[in-house]
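Encoded as structure tokens, the structure appears first; notes follow it.
Because only heavy atoms are used, hydrogens play no part in the values below, and waters and symmetry mates are left out as well, while side chains stay in.
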Amino acid sequence: EVQLVESGGGLVQAGGSLRLSCPASRLPFDDYALAWFRQAPGKEREGVSCISSNDGTTYYRDSVKGRFTVSNDNAKNTVYLQMNSLKPEDTAVYYCATNYGPCDDSYWYLEDDYDYWGPGTQVTVSS
């Protein structure tokens, strides 16, 4: 069974940086999408970013463009999320998710597009 485990979360002051990692083990496919989602208290889970393993195409939600960078190491089946210029509104539990095939150009940000999820890592940004 596919296993995803996020790491790198923590407490940081506004304007600071964090780098999240998510190795994916036991992937039964070579072509896959690796995505990051987040869920703040009292809010729905939302898509943050996605990267396609086959060609490195990336997607970002508008609120993180220019601040967050998603990357992947295909040899390690690991996706990273570099988060810079963090804001208090970035506070959330961050999840990585994956599924067969590239990031969907229209629906990459929807939870239903992914079958496999990690348990999440807490990111807290203080003002």
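- Side-chain atoms of N99 do not come within 3.5 Å of backbone N or O of A33 as any donor-acceptor pair.
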Kindly determine whether Y94 and M83 satisfy side-chain contact (heavy atoms from CB on, under 4.5 Å), including the steps that lead there. CA-CA 12 Å; Y94 283 70; M83 305 186 295; 3.8 Å; yes
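- The 12-atom threshold is exceeded at CG of D115, counting heavy atoms of other residues, nucleotides or ligands nearer than 6.0 Å.
- One finds no salt bridge joining K87 and D90 here, because no Lys/Arg side-chain nitrogen approaches an Asp/Glu carboxylate oxygen to under 4.0 Å.
- S127 places no side-chain N or O within donor-acceptor distance of the main-chain N or O of P88, the cut-off being under 3.5 Å.
- By the criterion of side-chain heavy atoms lying less than 4.5 angstrom apart, applied directly or through intervening Ile, Leu, Val, Met, Phe, Trp or Tyr residues, Y100 is grouped together with L34 in one hydrophobic cluster.
- The minimum heavy-atom distance linking A24 with L4 is given by the pair CB-CD2, 3.2 Å.
- A donor-acceptor pair under 3.5 Å is absent between the side-chain atoms of E6 and the main chain of C22, judged by distance alone.
- Within the 4.5 Å cutoff, the side chain of Y60 has heavy atoms near those of the T58 side chain.
- L20 places a side-chain heavy atom less than 4.5 Å from the side chain of T121.
- Between S52 and C103, the shortest heavy-atom distance links the atoms OG-N, 2.9 Å.
- Distance check: S21 OG to N72 CG gives 12.0 Å after rounding to the nearest 0.5 Å.
- Counting only heavy atoms from C-beta outward, the side chains of P102 and D31 approach each other to under 4.5 Å.
- Each of L11 and L18 belongs to its own hydrophobic cluster when Ile, Leu, Val, Met, Phe, Trp and Tyr are linked at side-chain heavy-atom distances under 4.5 angstrom.
- V93 belongs to a hydrophobic cluster with F37, Y59, Y95, Y107, W108, Y109, L110, Y114, W117, counting contacts under 4.5 Å between side-chain heavy atoms of Ile, Leu, Val, Met, Phe, Trp and Tyr, direct or through other members.
- Across all non-hydrogen atoms, the minimal contact from V79 to W36 is CG2-NE1, 3.5 Å.
- Within the structure, the side-chain hydrogen bond (donor to acceptor under 3.5 Å, both in side chains) test picks out the following pairs touching residues 76-85 (sequence neighbours left out): S17-N84, Y32-N77, Q82-N84.
- Minimum interatomic distance between L81 and S49 (heavy atoms only, all atoms of both residues): CD1-CB, 4.3 Å.
- Side-chain contact between V123 and T91 is absent, with no heavy atoms from C-beta onward closer than 4.5 Å.
- E46 pairs by the salt bridge (charged side-chain N to carboxylate O under 4.0 Å, His left out) definition with R38, R61, not counting sequence neighbours.
- Atom CG in D113 sits 11.0 Å away from atom OG1 in T98 (nearest 0.5 Å).
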